[in-house]
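Before any comments, here is the structure.
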Amino acid sequence: MKPFPKKYKPQEAEADCRRRWADDEAFKWDPAQPAESDYVIDTPPPTVSGSLHVGHVYSYTQADIIARYFRMSGRNVLYPIGWDDNGLPTERLVEKVKKVRGGTMAREEFVDLCREVIPPYEQQFRDLFSRLALSVDWSREYQTISDESRQVSQMSFLDLYRKGLLERRLEPTLWDPADRTAIAQAEVEEKEREGKLNQIPFEIEGGGEPAVIATTRPELIGACGALIIHPEHPRAAELIGKRAITPLYNVPVPIVGDEAVDPEKGTGVVMCCTFGDVQDIAWWRAHKLPLRLVIDQAGKMKDSLPIGTDEWPSLDPESARATVDALAGLKAEKAKAAILEMLSERGLILKQDVTEQVVPVAERSGAPLEIIVTPQWFIRTLDFKDEILAKGREITWRPEYMRQRFESWVEGLKWDWAISRQRHFGVPLPVWYSKRPGEEGKIIVAEADELPVDPTADAPKGYAPDEVEPERDVMDTWATSSVSPQLVTRSINEDLALDYEAHKRLFPMALRPQAHDIIRTWAFYTIVKALHHEQDVPWRNIAISGWCLASDGSKMSKSKGNIIDPVKLLDEYGVDAVRYWTGTSRLGHDTVTSPNTLQQGKRLVTKLWNAVKLAHMALEQAEIDPVSPAADIASGAISHPLDQWLLGRLSETVAKATEAFETYEYAQALRATEDFFWRTYCDNYLEIVKRRTRFEGAPDDGQRSALHTLFHASDILIRLYAPFTPYVTDTLHELLHGSEDEAAPTVHARGSWPKADDQAEAGVFRDEGDAFVAILAAARKVKSELQVSMRAPVTTLTVSGAESGLEAVIGDTTEDLKAVTTAEAVAAGDAPADAPKAASPDERFTVALEMAPAEAAD
């Protein structure tokens with residue numbers, strides 16, 4: 001053993017551990033190990049957006065706790081790390097840092113700025129994750145924009161295109177007018193706001209009572225292609241088949257029946273516009289209505305519309321054009337106010353009610369979405385809902401109830417997955433469009449041996465640059481993140497692979513750790529890709545973490561000013577204490593940043609250090625050669641009943657912790673370890689064993705038994721706590737197992753978890769040991785109520801409830817009871833009536849103390 005320092009210095013220990021782990025490549029996956037021992041983790045690549053927050057500490061530590069356990073349990077863990085360094089958040093960061101607007105710059109110039117800005121921010125993540133003791137294999141680090149990642153992402157595109165699962169379509173698309181890009185359904189959030197429901201009359205061609213519609217979006221009247229009415233509406237027979245005239249635009253539109261209309265909502269008559277919502281798209285397709293777009297890609301009303309043409313007829317084109325001119329260039333909200341004013345001036349607002357409406361907004365920009373028609377690339381998902389659900393059920397969800405969130409999302413899908421984005425910094429779509437005579441517009445997709453390609457800089461095989469038009473859109477960042485397992489295996493499938501042998505070995509992976517808010521994106525998209533590429537699941541287990549909340553239980557946000565700087569948190573409490581806090585929260589559960597729990601973490605580090613120090617001091621007194629609890633009990637080296645009781649209790653704790661970890665209930669494993677460490681070991685055993693750790697010369701059998709027990713208890717407790725508090729445990733492990741001449745292997749090494757076969761038999765001397773502790777607790781209670789020191793001398797300790805004799809209750813431990821209670825004598829039976837008494841916690845015994853006269857007088 002090494003000499004024990006006087007004081008634990010966390011920062012020095014942390015730096016020393018990180019250096020040793022790096023030098024020893026302690027967490028590197030070993031391809032020489034048998035494949036059946038592999039445990040591969042599909043680690044979340046954090047978005048490089050310029051902001052570290054305590055949520056990174058919370059969720060990534062929970063994943064690392066799991067990784068450390070499975071490594072210690074003997075698995076050959078591959079725990080890679082990557083950075084999601086392209087996408088809208090990254091572009092916004094670059095725009096903020098460089099004070100530019102990407103949309104106003106040449107693409108090449110903006111991409112150069114991105115590559116300049118990103119590295120320092122990635123380094124911030126490396127520094128944080130390294131300090132946090134994430135046991136990742138840094139040799140497996142990747143960036144989603146690197147050449148190799150672009151190659152794998154483009155392989156994915158190529159495979160889906162070849163299979164007919166990916167296609168370019170001119171479709172109504174969810175559009176973010178703030179970022180001016182298409183987005184997918186998973187990037188949509190819903191916000192509630194107060195709106196106005198306006199009842200507006202549409203004249204009926206040929207006369208008759210107007211048809212009254214109710215709408216919250218009057219700015220879309222110009223885009224109206226039909227009025228829709230339920231076939232059982234009271235006016236259905238009268239109106240279906242006729243034409244209505246749109247106010248202000250005077251465009252005749254058909255009135256059609258459709259059972260999808262809710263007759264109880266509004267007036268029971270609705271206008272179908274292109275496009276106000278998803279239902280409009282369904283009606284537009286079902287009734288083959290004209291495409292009339294009045295809002296542009298900037299979310300503004302268009303400057304001109306072809307009203308008055310055969311495709312867009314008007315009974316009063318001049319008046320219609322005047323309306324268009326009055327609204328031209330206005331954002332949708334201002335256009336709504338303007339058109340309501342026009343309608344009001346003409347007496348065309350029959351009623352206006354305040355209503356609560358749910359508005360779809362872009363997750364990133366927060367801008368209200370529009371639906372416009374643009375050419376986009378789509379991965380087919382709507383046709384595969386059943387297959388996606390089936391694959392989701394092949395995966396073990398931890399916790400299980402999170403699977404329902406996934407299934408609800410899949411069942412509610414209304415759009416195929418749009419993967420093309422109108423941005424600068426992303427993985428290019430490997431596509432060109434021919435300009436050759438006779439094949440104009442033909443789609444040309446890169447071959448596998450051409451990847452990675454940038455169509456704006458490269459030409460396809462067999463074509464000159466001036467014979468093609470490059471695709472300028474890039475992939476949605478999720479289109480790359482969805483192949484995060486394949487970025488590690490460097491392969492999509494057997495046909496498109498950089499290292500197919502590695503892919504066969506590592507895919508599907510063992511675990512995906514992620515937060516619950518990206519089930520609809522990252523989990524869903526990765527499952528879709530694995531299904532489409534190989535008819536497989538991407539991983540066997542998915543561990544869903546909760547959110548880290550502010551102390552008042554609210555979600556952290558910059559606007560609320562409740563963001564916690566993770567570096568300051570680590571500085572204040574120490575890494576192990578912060579990791580302890582994260583380990584107390586179960587998977588799937590949101591948790592608050594609790595100063596009490598963080599302080600408890602600091603207290604644990606100190607207590608564990610002092611407990612091992614106490615054992616170390618005892619162990620320095622004599623040479624022992626411990627093997628394992630089971631072996632040392634069998635050989636007689638551990639002979640004392642209370643030592644065997646302690647190790648039996650510890651064996652139960654090891655079993656509980658192991659079972660909990662195997663089912664990903666790491667918080668339960670921590671609770672089991674905590675309960676043993678604080679209550680059984682520190683509060684009781686260390687007090688009980690003290691008299692047998694104070695000796696001169698060679699230890700007797702009882703003392704030697706205590707030394708072996710202290711060694712094994714310290715060693716096993718260090719291992720049980722190691723996944724949660726890696727720094728203090730590895731430091732203590734080195735002090736216990738290392739020497740001045742040779743360092744010990746890290747406690748986090750593969751196979752270092754306590755082995756079941758090495759443990760003491762559970763239940764040995766359980767009754768005697770538990771009775772001993774119950775009697776001791778009662779004796780302490782008496783002294784506490786007398787307000788005397790626990791070391792106050794006792795003349796006689798009498799135990800009622802041990803009618804068969806004290807030895808029958810606590811075995812051959814009477815001398816230990818006398819020592820720990822400072823009693824001259826102990827007895828069973830009835831105590832003097834006036835002696836202070838207290839019942840044991842289990843109420844089996846009543847303990848009376850006859851105090852020595854001097855102490856009783858006090």
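All figures in this text were calculated on a predicted structure; none of them were measured in a lab. All residue numbers refer to positions in the sequence shown, counting from 1.
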Exercise: do H533 and D159 side chains pair donor with acceptor under 3.5 Å
yes
Are the side chain of W83 and the backbone N or O of Q143 linked by a donor-acceptor pair below 3.5 Å?
no
Is there a donor-acceptor contact under 3.5 Å linking the side chains of D84 and T144?
yes
Is it the case that atom CD in E400 sees more than 12 heavy atoms from other parts of the structure closer than 6.0 Å?
yes
Check the pair E187 / W478 against side-chain hydrogen bond (donor to acceptor under 3.5 Å, both in side chains), numbers first and verdict last.
CA-CA 10 Å; E187 298 165 80; W478 290 114; 5.0 Å; no
Pairing donors with acceptors under 3.5 angstrom, does anything connect the side chains of S408 and Q404?
yes
Is it true that E662 and R75 have a side-chain N and a carboxylate O under 4.0 angstrom from each other?
yes
Regarding R671 and E665, does a basic nitrogen lie under 4.0 Å from an acidic carboxylate oxygen?
no
If you round to the nearest 0.5 Å, how far is CD1 of I371 from CG of D277?
6.5 Å
Just verifying a value: how many Å separate I66 CD1 and S545 OG, rounded to the nearest 0.5 Å?
9.0 Å
Smallest heavy-atom separation, H532 atom then L160 atom, equals CB-CD2, 3.4 Å
Under 3.5 Å donor-acceptor, Q62 side chain and T582 backbone:
yes
Only one of T246, V253, L227 passes side chain to side chain contact (heavy atoms under 4.5 Å, CB included) with M271; say which it is.
L227
Between D179 and R92, does any side-chain N to carboxylate O distance fall below 4.0 Å?
yes
Quick one: do D64 and F129 satisfy side-chain contact (heavy atoms from CB on, under 4.5 Å)? Show the steps, please.
CA-CA 10 Å; D64 185 68; F129 286 176; over 6 Å; no
How about CD on E259, more than 12 heavy atoms from neighbouring residues, nucleotides or ligands closer than 6.0 Å, or not?
no
Using a 4.5 Å cut-off on heavy atoms from C-beta on, say whether the side chain of R512 contacts that of P538.
no
Report yes if the side chains of W283 and V270 come closer than 4.5 Å at any heavy-atom pair, otherwise no.
yes
Under a 3.5 Å threshold, yes or no: a donor from one side chain and an acceptor from the other, between E148 and Y142?
no
Show the numbers, then the answer: is there a side-chain contact (heavy atoms from CB on, under 4.5 Å) between Y58 and T593?
CA-CA 9 Å; Y58 178 68; T593 47; over 6 Å; no
So F70 and Y664, do their side chains get closer than 4.5 Å, heavy atoms only?
yes
Any donor-acceptor N/O pair, T663 side chain to A660 backbone, under 3.5 Å:
yes
Is S420 reaching over with its side chain to a backbone N or O of W377, donor-acceptor style, under 3.5 angstrom?
yes
Compare all side-chain heavy atoms of F157 with those of V431 and state whether any distance is below 4.5 angstrom.
yes
With rounding to the nearest 0.5 angstrom, report the CZ to CG distance, R586 to L670.
13.0 Å
Would you mind checking if R285 and E171 are paired as a salt bridge, meaning a charged N to carboxylate O distance below 4.0 Å?
yes
Indicate the atoms forming the closest heavy-atom contact of Q376 with W175, along with that distance.
NE2-CZ3, 3.8 Å
Could you check whether the rings of Y60 and H56 sit parallel, tilted or perpendicular, using 30° and 60° as the cut-offs?
tilted
May I ask you to decide if V212's main-chain N or O and T267's side chain share a donor-acceptor pair within less than 3.5 Å?
yes
Between P513 and I41, is there a side-chain heavy-atom distance shorter than 4.5 Å?
yes
Identify the heavy atoms of V427 and S153 that sit nearest to each other, and give their distance.
CG1-CB, 4.0 Å
Kindly indicate whether the side chain of L52, heavy atoms from C-beta on, has any atom under 4.5 Å from the side chain of F125.
yes
Would you compute the distance between atom CZ of R540 and atom CG of L511 and round it to the nearest 0.5 angstrom?
13.0 Å
Test your reading of the model: is there a side-chain donor-acceptor pair from Y525 to the backbone of T480, 3.5 Å cut-off?
no
Which of parallel (below 30°), tilted (30 to 60°) and perpendicular (above 60°) describes Y69 and F661?
parallel
Identify the heavy atoms of R150 and P452 that sit nearest to each other, and give their distance.
NH1-CB, 3.8 Å
Any donor-acceptor N/O pair, T396 side chain to N541 backbone, under 3.5 Å:
no
For the side chain of K414 and the backbone of Q279, is there at least one donor-acceptor N/O pair under 3.5 Å apart?
no
Run the numbers on R421 and E91 for salt bridge (Lys or Arg N to Asp or Glu O under 4.0 Å), then give the verdict.
CA-CA 13 Å; R421 295 293 182 269; E91 290 194 5; over 6 Å; no
Sidechain N-carboxylate O distance under 4.0 Å for E167, R380
no
Taking atom NZ of K196 as the centre, does the number of heavy atoms from other residues, nucleotides or ligands within less than 6.0 Å exceed 12?
no
Which atom of P430 lies closest to which atom of L451, heavy atoms considered:
CB-CD2, 4.2 Å
Return yes if some donor-acceptor pair links the side-chain N/O of R168 with the main-chain N/O of P375 below 3.5 Å, else return no.
no
Which atom of E387 lies closest to which atom of D383, heavy atoms considered:
OE1-O, 4.0 Å
Looking at side-chain heavy atoms only, is the closest gap between F384 and K391 below 4.5 Å?
no
Stepwise side-chain contact (heavy atoms from CB on, under 4.5 Å) test for T274 and L289
CA-CA 9 Å; T274 50; L289 301 178; 5.8 Å; no
Are the side chains of L93 and S49 in touch, meaning some heavy atoms are under 4.5 Å apart?
no
For the NZ atom of K385 and the CD atom of E407, what is their distance to the nearest 0.5 Å?
12.5 Å
Please confirm whether R169 makes a cation-pi placement over F378, using NZ or CZ under 6.0 Å from the six-membered ring centre and within 45° of the ring normal.
yes
Sidechain-backbone polar pair: S484 side chain, S481 backbone, donor-acceptor under 3.5 Å
yes
Should we count CD of E232 as having more than 12 external heavy atoms under 6.0 Å?
no
Spatial distance of atom OG (S149) from atom CG (L487) [nearest 0.5 Å]:
4.5 Å
Counting only heavy atoms not in R235, do more than 12 sit closer than 6.0 Å to its CZ atom?
yes
Applying side-chain contact (heavy atoms from CB on, under 4.5 Å), run through I527 and V410 and close with a yes or a no.
CA-CA 11 Å; I527 291 170; V410 175; over 6 Å; no
Would you find more than 12 non-hydrogen atoms of other residues, nucleotides or ligands less than 6.0 Å from K265 atom NZ?
no
